[in-house]
Amino acid sequence: MRLKARTAMALTGYAFILPTFVFLIWFMYYPVYQALSGAFTYWDGFNPPAFIGLDNFRRMLSDDVLGQSTINALIWVAFAVLLAVLPSFLVAELIFHVRKSRWQYVYRTIFVLPIVIPMVVTILLWRFVYQGDGAINQLFALFGLEHWQQLWLGDPDIALYAIIFMGVPWINPFNLLIFYAGLQSIPKEVIEAAKLDGATGWRRVLRLDIPLSLPQFRLIVILTLIGSLQNIIPPLVMTGGGPGYSTYVPILHMYNVSTVNGEFGYGMAIALVIFVVILAFTIVNMRLVKSDA
Amino acid sequence: MNQNKFKRVWPIAMLVPVLALGACSDGNGGANSGTASSGGGGRAEGGTWTGTITMYAQAYTPNAKNISGIQAEQKMLATLAEAYEAEHPGIDIQFVDEEFKDYTQTVRVKAAAGEMFDVFWGQWADLNGTLPKGIAVDLTPYLNAPNPYLPDQDKWVDAMNETVVNETVAPGGEHYNINGDYVATAFFYNKDLFEQAGIEELPTTWNELLALAAQLQEAGIVPMSQAPDYGWFQRHFLSDFYAEEYDTIAGFDEAPGVSSKDEAVAIHKGILSTGDERLMAWWPIFKTFTDTWKPDYLTADVAVVTETARNDFLAGKTAIFYDGSWVPNLARDAQIQFELGSFNFPILEPSVTPLTNGLDVSGAVGGPNAAFQFAVATKEANKTMKEPGKLEAVIDWLHFIGTPGHVEQVVNENGTFVPTWPGTSPNAEMKELAEQSTQALRVVSIGNSSANLLKDIQRTFGLYLSGNIGLEEATESVQKALDAAQNEYKTKNDIDFSAY
């Protein structure tokens, strides 16, 4: 009887979560399974796929565009991590050190408010800023610095960096809040003790705040790594991967070979490798965060 | 212990039906996924089917609110649909009012999901090569049979433009669309800016075009600023340079026109290859012209910047814009503040290059690639086409709009293109551009043997024109792309090049 009641309760519980499971499997795991199996096929996206073994993976090894894309992605990730961490942490520190909590609230709001602007809008805005007659070049002209004017998105030596560095002053509201929360969680006793020991100003930041914010640093670094590898929108909207292949990244290559060239099998093979790389980063992330929990 | 075991096993047991559901899926998003392309049920037997026929008519979409460049009052297809519906109770024609930024991609995705529109805009080159085989119905049997709305013709094809029908045939002899109009391309120019620069005569030769650009520059006017579309400009030059070898190139598949097979074989045989000086010789010539352009968009992706560049022109920032005959409509929508004119792509003189045959190739970019290009979805691309009698109903609707009279009405109401079927004539204001449609379609170009070839060369083209790489590096890069394309074609089509 008791077993029956427990079973009924368990059944009820599982019935509640069943819809979530169905959608989770249907929309998250089933596509992964499709990509996994499709990576070993030639598939034009319409006719039945033909099994070709490891051919797609062999092709990846000799794919010059993928090679160039990978180098671009590594450069992107390196700068993205720096831009994700440094400005946000600096601003979080500044806000944390504002004496009145009311003003802290005001500054937090000011820096978080831009989150309401959709990313595509920001990107399109920056496309105009970077144009030959855009705001940057006009500013240079205003100050008599015409020789600094560039084709920001038209020069293959500059375009990648132009995309990476768009969004001045690079303060990510999420990262800012994570750092701020981390600073807030430092016990007051520790801060007071540090003060007595003479750790103030930059010394306090270096000796106390940064070491005690390491879990936040690790989390943001890993999330940025993953986010950068998945970020297709800026190169797609701003340059289409050009000039040449100078702003091409693996995720854009995957998108183009699949939906533009109709080589879905090869696209799935690239997606599978990206998935494995991101999974590896995620596992590293989980372990790092866990170790500090 | 037993309870614990039960607890461990139960979640797995719950997963089984869920996974089974997944396994039952057809791989296209689910067997029961909605079919957006058609509403209404079907009734069995040809001629008695009733329901909704969906049609994506691109530039001819009536009452369009979401497609740019279409006049708000355009309604001819809706009028024809009303007349057809009145004659065929139970049939409802619905037009898709949507603008697709990447139409080829849309077709791929919709067809993969089995949700393609019943009748859709499809250009012959895409249907013959770029898109996966099996998306569109082979209309050849219908073309060779009578059209009930043309009682005087033995075959429907007799009412169509013979040259167009012959040149747009697929390598296997199939016809995947009915092709009723022609698009012209030209240099559109700002008459006010030309007047300001003191330009009185329009250029007819390449050197005159260069002189005109220089004159505009001297007057402080930007002659042009747009992404140099390799796919377009190559056709002018290659059609001229390779004119004497057109029959050889077009003849590999023993069918009219340069098909993707012809192209792949010509690449393999070294004709359409960098080993033949004609393939790359026009790049430095063209660069003398693009050197006068504003450099902003030279390296840009054509799809990404064309609209911005066109808007620059319509805003009066640049003097010339090379585009299709839809520009006057867009200019009207933009309420431009200047008078718009156009002139054709000029003739190359022997003093420019000894490779020229001095031909008028102004019509090489345009052609039967406009908007009255309608295909019918297969039952694989559109699940509702499995309904008994629906294919016949859809073909009957196509028969109805596919008469010279209706083609002329639909095409001329839009005012952007030229009707091509015998007995039709263009609007008076299109007469100048319509001259291009009378030129023989002897176009040589590359890009159809592989989906990626054109995009790949476009990237190199931009880098070369902007001065980021030299001709030697560009040539190497192009040859690499050509080699990859012919290998891809060989793999996909199991062709033995040595047989040609």
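Since we're looking at a predicted model, the values are computed, not measured. Numbered from 1 within each chain, the chains take letters A, B, ... in sequence-line order.
- Using a 4.5 Å cut-off between heavy atoms, V65(A) makes no contact with chain B at all.
- With sequence neighbours left out, K480(B) forms a salt bridge (Lys or Arg N to Asp or Glu O under 4.0 Å) with D64(A).
- Screening N468(B), L298(B), T299(B) for a side chain to side chain contact (heavy atoms under 4.5 Å, CB included) with P243(A), the sole residue that qualifies is T299(B).
- Counting all heavy atoms, side chain and backbone alike, P132(B) lies closest to N47(A) at CB-ND2, 4.0 Å.
- Using a 4.5 Å cut-off between heavy atoms, Y255(A) contacts chain B through its side chain alone, with no backbone atom that close.
- Taking chain B as the reference chain and counting heavy-atom pairs below 4.5 Å, the highest number among G241(A), G240(A), A159(A) is found for G240(A).
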Test side-chain hydrogen bond (donor to acceptor under 3.5 Å, both in side chains) applied to R108(B) and S258(A), step by step: CA-CA 10 Å; R108(B) 280 185 200 282; S258(A) 305; over 6 Å; no
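- Among the candidates T104(B), I135(B), I469(B), the residue making the largest number of heavy-atom pairs closer than 4.5 Å to chain A is I135(B).
- When every heavy atom of G45(A) is checked against every heavy atom of A112(B), the shortest pair comes out as O-CB, 2.9 Å.
- Atom CG in L153(A) sits 12.0 Å away from atom CG in D301(B) (nearest 0.5 Å).
- Neither the backbone nor the side chain of I17(A) comes within less than 4.5 Å of any heavy atom of chain B.
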Salt bridge (charged side-chain N to carboxylate O under 4.0 Å, His left out) for K294(B) and D133(A)? Distances and angles first, verdict last. CA-CA 10 Å; K294(B) 197 173 157 199; D133(A) 54 359; 3.5 Å; yes
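- Nearest approach of V304(B) to T239(A), heavy atoms of both residues: CG2-C, 4.4 Å.
- Both the backbone and the side chain of N452(B) come within less than 4.5 Å of a heavy atom in chain A.
- Contacts from residues 454-465 of chain B to chain A, taken as heavy-atom pairs separated by less than 4.5 Å, involve K455(B), D456(B), R459(B), L463(B) in sequence order.
- Rounded to the nearest 0.5 angstrom, Y42(A) OH and T491(B) OG1 are separated by 9.5 Å.
- Interface remark: Y29(A) contributes no atoms to any contact with chain B (heavy atom separation under 4.5 Å).
- Shown are L131(B), T378(B), V107(B); of these, the side chain to side chain contact (heavy atoms under 4.5 Å, CB included) with F46(A) is made only by T378(B).
- Environment of CD in E146(A): crowded, with over 12 heavy atoms of neighbouring residues, nucleotides or ligands closer than 6.0 Å.
- Counting non-hydrogen atoms of neighbouring residues, nucleotides and ligands closer than 6.0 angstrom, the CD atom of Q230(A) exceeds 12 such neighbours.
- Of the atoms belonging to S225(B), not a single heavy atom falls under 4.5 Å from chain A.
- Heavy atoms closer than 4.5 Å to chain A are found in both the backbone and the side chain of A381(B).
- From S450(B), atom OG reaches atom CG of N261(A) across 6.5 Å, with rounding to the nearest 0.5 Å.
- Contact of Y248(A) with chain B is made through the side chain alone, with heavy-atom distances under 4.5 Å.
- Surrounding CZ of F275(A) are at most 12 heavy atoms belonging to other residues, nucleotides or ligands under 6.0 Å away.
- Other residues, nucleotides and ligands contribute more than 12 heavy atoms inside 6.0 Å of the NZ atom of K287(B).
- Heavy-atom contacts from other residues, nucleotides or ligands closer than 6.0 Å to OH of Y33(A) number 12 or fewer.
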